[in-house]
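Accompanying notes for the structure given below.
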Number of protein chains: 2
Amino acid sequence: MLQNGYKASRGNRLRYEFGRPNLMTTDSPSRRSPRDRIVDAARGLFRKHGVRGVGVDAIVDAADSNKMTLYRHFSSKDDLIVECLRRAGMEMDAYWRELEEAHPGDGLAQLRDWVRRIADHLGANDCNCELMSAAVQLTDEDHPARSVIKKFKDAQRDHVLELCRKARVANAELLCDTLLLLIEGARLHQQSSGHEGPSARFAEIADAAILSFAESSAVAE
Amino acid sequence: MLQNGYKASRGNRLRYEFGRPNLMTTDSPSRRSPRDRIVDAARGLFRKHGVRGVGVDAIVDAADSNKMTLYRHFSSKDDLIVECLRRAGMEMDAYWRELEEAHPGDGLAQLRDWVRRIADHLGANDCNCELMSAAVQLTDEDHPARSVIKKFKDAQRDHVLELCRKARVANAELLCDTLLLLIEGARLHQQSSGHEGPSARFAEIADAAILSFAESSAVAE
DNA sequence: CGCCAATGTTACCGATCTGTAACATCTCGG
DNA sequence: CCGAGATGTTACAGATCGGTAACATTGGCG
């Protein structure tokens, strides 16, 4: 346990195996960069166990890399957290574009599709609320991740509000905030009460809310 | 250390000072028991920094006690967490009785009063979502606190559902889950986006939801 | 007073955490 | 092929964590 038990003692925790990744010669011609592997592994572990519940050793282990490489790319674990949240935000931006392509100009359809996809994704074992989960656990107001989270949340609210306006519902601001509250509430309940909790009705509730706002505006047309 | 002004969260320890509390001789004739002080201090710190962000040293420091006394009353930190959550659940039960006394037999009034009080309390610096916050951070399915959380959430849902039934709204189950999602969503947003976020409209949204369900059932009477 | 239980104080253990140093190895363009 | 930079390996530093042992002190009660 002193010196040579190092490798054995490492294996008791999270470990990801891809065949023989140490042999890079003929393994995979397009193996992703260590930086990307580290970020992806960190995001997966952060989602499952929270940013405070995962250590850098587990991250580099899952990424099939090592601690030195991590600290050559990120000045600290907090820096890595910030990068993970930034990527989550960028994926969200791409997701908005995807929704726009699926329903060009149709804010109502984009909103309904959005909540439907969220409802479908609620069943996944890994909750997708990376940013909110991190916000709950990073209580320090000065933490650099807080500004990233806030910026992302503000951008999300702006975009949803724009969709609500495009949908020409009765009260766009109210529907926007209603949906945001419902979504985060569903994610939180899903994490604590599992699948059978109130989040099971999220799709029904959110869609009913959207239609309720849309119908009450139909009389004005 | 060419990062920004953010100091690593390792250095700053929480420390509470009350005059000269070490001198118990003439301090306070009815000083509460160390056990209660520890539990209260733990709950306050858990609310502010999360169960994983507070160490036992900070807890006994805030309780003006010491680690040995803590471990004479609780077998472990997890045991203390469970006790804190149990007390939160008991306070919630007392809160339901209080609402029943304020509006005897009137489920609708109890519901509206409930959401109004939650909205008022959202402004408090310490978020009151102890159980949900703990659930997010205790990702281990086998953690003893998980069963306490689940039991409490189920009881809460049963009670809210009963209130909705007593209110004789159109769809009691749907209103119940809608309110539960809105409430947790508001608490989560309040913690990440602060005051100006979507949680600012929580009272308006939740009350509108209640009235919407109540009105749609009024035609049946 | 004198006893006793509860509480406080100090010091420590082992595990784990973030982060680093020194050195070995690999990849890839010239 | 060769050399430079990126990456991997090993070992360790410093700090914090949960938890414990031994001992000192306090407060209440006969």
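First the proteins, then the strands, lettered A, B, ... as listed; each starts at 1. These numbers were taken from a predicted model, which means no experiment stands behind them. All values below were derived from every heavy atom in this structure, side-chain atoms included, with hydrogens, water molecules and symmetry-related copies excluded.
Ion pairing of A:D93 with A:R97 is absent here, as no side-chain N (NZ or NE/NH1/NH2) approaches a carboxylate O to less than 4.0 Å. B:D154 and B:K150 are joined by a salt bridge, as a carboxylate oxygen and a charged side-chain nitrogen come within less than 4.0 angstrom of each other. Note on B:R112 versus B:D207: salt bridge recorded, some NZ/NE/NH1/NH2 to OD/OE distance being below 4.0 Å. Electrostatic pairing of A:E83 and A:R86 counts as a salt bridge here, judged by a charged N lying under 4.0 Å from a carboxylate O. Between A:E162 and A:R157 there is no salt bridge, since no side-chain N of the basic residue sits under 4.0 Å from a carboxylate O of the acidic one. In this structure, A:K67 does not pair ionically with A:D61, as no charged nitrogen and carboxylate oxygen lie closer than 4.0 Å.
As rounded to whole Å, 14 Å separates atom P of C:dT20 from atom CZ of A:F74. Distance A:N66 CG to C:dA22 P: 17 Å, rounded to the nearest Å. Note: CG (B:D61) to C1' (C:dG8) measures 13 Å, nearest angstrom. With rounding to whole Å, A:R52 atom CZ is found 12 Å from D:dC17 atom C1'. Atom CG in B:D36 sits about 11 Å away from atom P in C:dT7, given to the nearest Å. Rounded to whole angstrom, the span from the CG atom of B:D64 across to the C1' atom of D:dT26 amounts to 14 Å.
Between the side chain of A:R72 and the base of D:dG8, a donor-acceptor pair under 3.5 Å is found.
Residues from residues 79-87 of chain B placing a heavy atom under 4.0 Å of any atom in DNA chain D do not occur.
Remark: B:R32 is not in phosphate contact with C:dT7, judged by side-chain N or O atoms under 4.0 Å from OP1 or OP2. Residue A:R37 has a polar side-chain atom (N or O) positioned under 4.0 Å from OP1 or OP2 of D:dG8. Listed pair A:H73 / D:dA6 fails the phosphate criterion, with no side-chain N or O lying under 4.0 Å from OP1 or OP2. A close approach under 4.0 Å does occur between a side-chain nitrogen or oxygen of A:S65 and OP1 or OP2 of D:dG8.
A side-chain donor from one of B:N66 and B:T69 sits under 3.5 Å from a side-chain acceptor of the other.
Each of B:V160, B:L180, B:L111, B:L163 was checked for a side chain to side chain contact (heavy atoms under 4.5 Å, CB included) with B:L175, and the lone residue meeting it is B:L111.
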Tell me which donor-acceptor pairs under 3.5 Å the side chains of residues 197-205 of chain A have, and how far apart each pair is, sequence neighbours excluded?
from   : atom 1 : to     : atom 2 : distance (Å)
A:R201 : NE     : B:D177 : OD2    : 2.9

Distances for protein N or O near nucleotides 19-21 of chain D N or O, under 3.5 Å:
from   : atom 1 : to    : atom 2 : distance (Å)
D:dG19 : OP2    : B:Y71 : OH     : 2.8
D:dG19 : OP2    : B:K77 : N      : 2.7
D:dG19 : N7     : B:K67 : NZ     : 3.2
D:dG19 : O6     : B:K67 : NZ     : 2.4

